[in-house]
Peer 1: 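For reference, the structure I am asking about is given below.
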Amino acid sequence: MTLPQQAADAITSAAGWRPARPNDDGVFRFRLEGDLEMDFFSPDGRTGILRSTLATLPDTEVEAEALLKTCAQRAVAASRKRKSIVSLDAGRLQLHRSITLDGHSPDMLARLVPIEVRDFLNDLAWWQVQAGTKTGQSATPSPFSLSGFGDSWSLGR
């Protein structure tokens with residue numbers, strides 16, 4: 001079994017789902033309650049990437065610049081506490097996080113990956129508020145915990 005499949009199995013096991021399979025491009029897609037969507041893939045078979053789209057840039061240049069400026073300011077402030085990275089790709093703000101899969105035993109991956117996913121989803125929920133794609137307070141408690149996976153997740157597209 002490949003490392004990416006082991007990592008995806010760790011995610012689905014922590015959530016209480018049946019095992020997931022990647023699409024033709026090798027991407028595992030997860031849709032969660034609360035309009036959270038997450039992709040998991042491995043470009044090299046040794047590193048896992050968690051990725052989600054935060055927002056599409058507004059059509060007007062002024063609004064797009066304002067959103068980018070806000071996110072840049074938040075990224076600098078949040079960089080000490082949040083490991084997920086905000087980037088711009090083809091007019092969309094994306095959040096991603098890298099996970100080293102190589103060098104871990106299957107048991108270690110089963111413990112490590114759900115923690116990384118939990119932290120990524122918490123970052124995603126926080127960033128959605130910062131980007132204005134979801135209402136809420138940036139200081140609200142985290143909606144995700146390891147014990148909450150079973151209640152908050154659903155598979156697929």
Side-chain angles (χ1 to χ4, degrees), residues 2-17 20 22 25-57 67-155:
T2 66
L3 289 172
Q5 184 64 59
Q6 288 179 34
D9 288 349
I11 294 168
T12 57
S13 177
W17 300 334
D25 295 327
V27 178
F28 296 86
R29 297 192 186 280
F30 301 96
R31 179 173 289 162
L32 296 85
E33 291 178 13
D35 295 327
L36 296 176
E37 294 184 17
M38 174 185 76
D39 292 343
F40 172 74
F41 63 96
S42 178
D44 60 7
R46 298 183 320 253
T47 303
I49 305 293
L50 299 168
R51 177 184 63 195
S52 185
T53 298
L54 287 172
T56 301
L57 288 182
L67 177 59
L68 290 173
K69 182 179 178 181
T70 297
C71 287
Q73 290 170 336
R74 300 294 193 284
V76 169
S79 65
R80 297 177 80 190
K81 293 174 79 175
R82 301 187 184 278
K83 288 181 16 182
S84 301
I85 305 295
V86 175
S87 63
L88 185 61
D89 182 26
R92 294 179 304 189
L93 282 173
Q94 297 204 326
L95 189 69
H96 60 88
R97 177 185 286 234
S98 297
I99 305 170
T100 301
L101 305 176
D102 198 23
H104 296 293
S105 69
D107 289 341
M108 181 58 115
L109 276 178
R111 287 190 302 273
L112 171 75
V113 172
I115 292 169
E116 291 288 340
V117 169
R118 177 203 62 202
D119 292 347
F120 177 77
L121 292 172
N122 284 320
D123 286 356
L124 177 58
W126 185 83
W127 271 108
Q128 284 180 331
V129 171
Q130 303 313 304
T133 58
K134 191 174 192 177
T135 58
Q137 297 176 348
S138 60
T140 55
S142 165
F144 298 100
S145 66
L146 285 174
S147 62
F149 276 3
D151 296 335
S152 300
W153 290 32
S154 64
L155 253 181

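The structure displayed is predicted, hence computed values, not measured ones.
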Peer 1: Distance check, rounded to the nearest 0.5 Å: Leu54 atom CG versus Leu124 atom CG?
Peer 2: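 The CG atom of Leu124 is 6.0 Å from CG of Leu54, to the nearest 0.5 Å.
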Peer 1: Taking all non-hydrogen atoms of both residues into account, name the closest pair between His104 and Thr100 and its distance.
Peer 2: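 That would be CD2-O, 3.1 Å.
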Peer 1: Verify side-chain contact (heavy atoms from CB on, under 4.5 Å) between Val86 and Gln130, making sure each step is shown before the conclusion.
Peer 2: CA-CA 11 Å; Val86 175; Gln130 303 313 304; over 6 Å; no
Peer 1: Under the side chain to side chain contact (heavy atoms under 4.5 Å, CB included) rule, collect the residues that match up with Leu88, sequence neighbours excluded.
Peer 2: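 Side chain to side chain contact (heavy atoms under 4.5 Å, CB included) check on Leu88 returns Leu57, Leu68, Leu93.
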Peer 1: Search all heavy atoms of Phe28 against all heavy atoms of Pro4 and return the closest pair with its distance.
Peer 2: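 Looking at all heavy atoms of both residues, the shortest contact is CE1-O, 4.1 Å.
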Peer 1: Fit a plane to each ring of Trp17 and Phe30, take the angle between them on a 0 to 90° scale, and name the class: parallel (under 30°), tilted (30 to 60°) or perpendicular (over 60°).
Peer 2: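 Taking Phe30 first and then Trp17, their aromatic rings lie parallel (interplane angle under 30°).
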Peer 1: Measure the CE-OG1 distance between Met38 and Thr53 for me, rounded to the nearest 0.5 Å.
Peer 2: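 Reported value, rounded in 0.5 Å steps: 13.0 Å.
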Peer 1: Could you grab the distance from atom CD1 of Ile85 to atom OG of Ser98, nearest 0.5 Å is fine?
Peer 2: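 Going from CD1 on Ile85 over to OG on Ser98, the span is 8.0 Å.
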Peer 1: CD of Gln6 to OG of Ser42: how many Å apart, nearest 0.5 Å?
Peer 2: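 Separation between the atoms: 11.5 Å.
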Peer 1: Do side-chain atoms of Asp44 reach the backbone of Arg46 as a donor and acceptor pair under 3.5 angstrom?
Peer 2: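 Yes: the side chain of Asp44 pairs with the backbone of Arg46.
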Peer 1: Nearest heavy-atom pair of Ala7 and Phe40: which atoms, and what distance?
Peer 2: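 Residues Ala7 and Phe40, closest heavy atoms: CB-CZ, 3.5 Å.
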Peer 1: Quick one: closest heavy-atom pair of Ala110 and Ala10, and the distance?
Peer 2: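 Taking every non-hydrogen atom into account, CA-CB, 3.8 Å.
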Peer 1: Could you tell me which residues satisfy salt bridge (Lys or Arg N to Asp or Glu O under 4.0 Å) with Arg92, sequence neighbours excluded, listed by chain and number?
Peer 2: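 Checked Arg92 against salt bridge (Lys or Arg N to Asp or Glu O under 4.0 Å); zero matches.
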Peer 1: Working to the nearest 0.5 angstrom, can you tell me the gap between Ile49 CD1 and Phe120 CZ?
Peer 2: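 Reported to 0.5 Å precision, the distance equals 10.0 Å.
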Peer 1: With rounding to the nearest 0.5 Å, note down the distance linking CD1 in Ile99 to CG in Leu50.
Peer 2: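 Here the rounded value is 4.0 Å.
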Peer 1: Can you check whether Leu112 reaches Leu101 side chain to side chain, under 4.5 Å on heavy atoms?
Peer 2: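 In short, these two side chains do not touch, never coming nearer than 4.5 Å.
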Peer 1: With side-chain contact (heavy atoms from CB on, under 4.5 Å) as the test, would you mind laying out the steps for Asp119 and Lys83 before giving the verdict?
Peer 2: CA-CA 8 Å; Asp119 292 347; Lys83 288 181 16 182; over 6 Å; no
Peer 1: I'd like to check the salt bridge (Lys or Arg N to Asp or Glu O under 4.0 Å) partners of Arg97; sequence neighbours left out, ordered by chain and number.
Peer 2: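 Partners of Arg97 under the salt bridge (Lys or Arg N to Asp or Glu O under 4.0 Å) test: Glu116, Asp123.
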